[in-house]
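Notes follow once the structure below has been shown.
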Amino acid sequence: MRRCLSTVFLAASFVAVSPIVAAAEPKKLVITGSSTVAPLMAEIAKKFEATHPGTRIDVQSGGSSRGVTDVRQGTADIGMVSRPLNPDESELRSFTIAMDGVTVILNKANPVQVLTREQIVAIYTGQTRNWKMVGGPDQPIVVVNKAEGRSTLELFLQHFALKAPDVKAAIIIGDNAQGIKTVAGNPQAIGYVSIGSAEYEAGHGAAIKLLPLGGVAPSMDSVRAGAFPLARPLNLVTKQEPTGLAKALIDFARSAAADEIVKEQFFVPLARTAG
C-alpha cells in the first residue's frame, strides 16, 4: 500500500509540475540559407528577440540551396533564399523582405570603366583572357566566380544566359565579403557581388569599383527605382503557411519596423503605399 501511495504521489507531482517546466522552455526558430540574407536576418532576429522574451532565433548561412533543402527536410523552420523560387520549388511559401542588386566589380587600379554584356560573357567563358582585349593593360584576366549553391551565381548565370560549366574561373569564392576582398587584392581580377556591400566597401576604402550594366549605374538608388537590370528579391521561405512564432517573425521582417535594419545592411526596403 505504501508503494502504491508513493507512485500516485509522484504521478500527481509530475502532472502538476510539467506545465510549468514546459512554459519555461524558450521558444526557438532555426533559420538557414543565403549568406547574403543571413547578416540582415541576424539583426532582425536580435530586435525581434528583444521584444519577445524567452525566444531564441538561430541564424545560419550556407547558401540559398541549403535554405531550400533544410526547410524541405524539416531541419530549419525558415529558409533564406536570395532569388525567386525556381519552378521545382513552387511548393514552398515565399516572403520577400528586401531587394538587392548584383554588380560586376574590378580592382580600382584597372583602367577599364565599362564592359558590355558580350564582353562579360566572353571573359567568363574564357574567350577573352587578357585585359588588353577590352581596353585594359596587357595582363591576364583572373575570373572570380561564386561557389555552387550560391543564389548570386544562379542570378548571374540566368542574366547572362550561361550554364555553370560554361564559366572558366580561376578563383571560387563564397560570400560577398570574400569576393570583395579577393578583387581588391588582385589588380587583374573580375568578380560580382551584392551592390549594397560593394557600394559600402568602396566608399570605405576597398580597392574596388562597380561597373554599370546596360548603361545603368550600380547603386541602391537604381535598384530602388527598379532600373538596375541585375536585381533580386531577398526571401524567407517556409514549407507550409507559417503560423505562430515563425509567422510573427516573418511579419516583423516585412514590416516598416524592420526598414531601418534593411537600410543599415545596405539593402532596399520593400515599397510601401501610403495610407
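- For the pair Ile78 and Thr238, the tightest heavy-atom approach, listed with the atom from each and the gap, is CG1-CG2, 4.1 Å.
- Annotation: side chain of Ser64 is not in contact with side chain of Arg150 (no heavy-atom distance under 4.5 Å).
- Arg66 and Gln60 are linked by a side-chain donor-acceptor pair at a separation below 3.5 angstrom, with hydrogens and angles left out of the test.
- Residue Asp175 holds its CG atom at 9.5 Å from OG1 of Thr152, rounded to the nearest 0.5 Å.
- One distance of note links CG of Leu236 with CG of Leu249; it measures 7.0 Å at 0.5 Å rounding.
- Residue Gln139 qualifies as enclosed at atom CD: its count of foreign heavy atoms under 6.0 Å is above 12.
- No hydrogens or angles considered: a donor-acceptor pair under 3.5 Å links the side chains of Ser34 and Ser82.
- Ring geometry, Phe156 versus Phe160: the interplanar angle falls from 30° to 60°, so the pair is classed tilted.
- Asp166 and Thr125 are not linked by any side-chain donor-acceptor pair at a separation below 3.5 angstrom, with hydrogens and angles left out of the test.
- Val143 has its side chain within reach of Ile141: a pair of non-hydrogen atoms, C-beta onward, lies under 4.5 Å apart.
- We find that Lys263 and Asp259 are not joined by a salt bridge, their nearest charged nitrogen and carboxylate oxygen being 4.0 Å or further apart.
- A distance of 9.5 Å separates CZ of Arg72 from NZ of Lys239, quoted to the nearest 0.5 Å.
- The existence of a salt bridge linking Lys27 and Glu49 is excluded, since no basic side-chain nitrogen approaches an acidic carboxylate oxygen closer than 4.0 Å.
- The nearest pair of heavy atoms linking Pro218 to Leu210 is CG-CB, 3.5 Å.
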